[in-house]
Amino acid sequence: MEICKTIKSLQAALSVYRSRNAFIGFVPTMGALHKGHLSLVEESLSANDITVVSIYVNPSQFNDKNDFRNYPRNLQLDCKLLKKTGCNLVFAPDDNEMYPSDDTRKFDFGQMGSVMEGNFRPGHFNGVTQIVTKMFDAVKPHRAYFGRKDFQQLAIIRKLANNYHYTIEIIGCPIVREHDGLAMSSRNALLAPEYRKAAPLIYQTLIEAKDMIFHSNVLKITTFVEKTINSNPFLKLEYFQIVDTYTLTPVEELRPENPATACIAVYAGKVRLIDNIEFIS
Ligand code: PAF
């Protein structure tokens, strides 16, 4: 497994594979890899000739400086894990490589980018889009893999690929969960024991909320989620929103013919956790 720190060395390594017409799968990450990331890598390895994984904690997508500073980083361990999977190339650039000058590009995804994460993390999706386009342009993969835990991010990347005519196939992969249901996230490592113990309530509440869809309405379900999460002293609900699965428009009435997904963001102390569940497929 080759580790490239610059776009130039990455492209030199990739040109060897490209000359053999290899199909290139790409998994962008911010490192601190867990089983969720590794499932994306496995998915890519099984469908492509080679797999490139990027590891880069992108400053422009953090609207909170402390969150950026505290974000877990462990390149050595990440590379060790990736080597075991059979990953071919790791791209681990530094800030100068990815942002040699200010990136002033502004992306507008309309209301898809302004609800939920877009509302509570201003500038987040602009930063994600800046780095993802830079990564796509550097790697030029045939397929790129994203986890469905970041449900809104996945929708925005799909829209980005469509709006900017990237010919990359965007693949969304299932959420991987801990044994107690907590969605895997690099941020879970930051949870103190009492918060870690409380955190599975997030997914349990989503499951109970989903059970309510046949005998309840959006307002009652939302009130139930608010009460359940906030009654735990270690959790604080930031938002719970049921949206149209494809447009991300907030849903006011649940109808069997309209695909809907429920999304949630919760603070467990200072650690922000997100999750989602498909309500109507
Ligand atoms: O999902 C992530 O880990 C990040 O947002 C991504 C896509 C790697 C961009 O920095």
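Because the structure is a prediction, the values reported are computed rather than measured. Just so you know, ligand 1 is whichever comes first in the structure, and atom 1 is the first atom listed for that ligand. We count residues from 1, following the sequence as given.
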Short version for Gln61: what comes under 4.0 Å of ligand 1, heavy atoms counted, is side chain
Atom 3 (O) of ligand 1 has as its nearest protein heavy atom Met30 CG, 3.7 Å
Quick note on ligand 1: atoms under 4.0 Å from a heavy atom of Ile131 include exactly 9 (C), 10 (O)
Any heavy atom of Thr29 under 4.0 Å from ligand 1? The part involved is backbone
_Distance to the ring centre below 6.0 angstrom and angle to the axis at most 45 degrees; does that hold for Arg73 and Phe68?_
yes
All N/O donor-acceptor pairs, side-chain side in residues 198-212, below 3.5 Å, sequence neighbours left out:
unit_1	atom_1	unit_2	atom_2	d
Thr205	OG1	Leu201	O	2.5
Lys210	NZ	Glu278	O	2.8

Closest to atom 7 (C) of ligand 1 among protein heavy atoms sits Gln153 NE2, 3.6 Å
Under a side-chain separation threshold of 4.5 Å, the hydrophobic residues clustered together with Phe23 are none
CG of Asn126 to OG of Ser60, rounded to nearest 0.5 Å, is 7.5 Å
With a 6.0 Å cut-off on ring centres, are Tyr164 and Phe107 close enough? yes
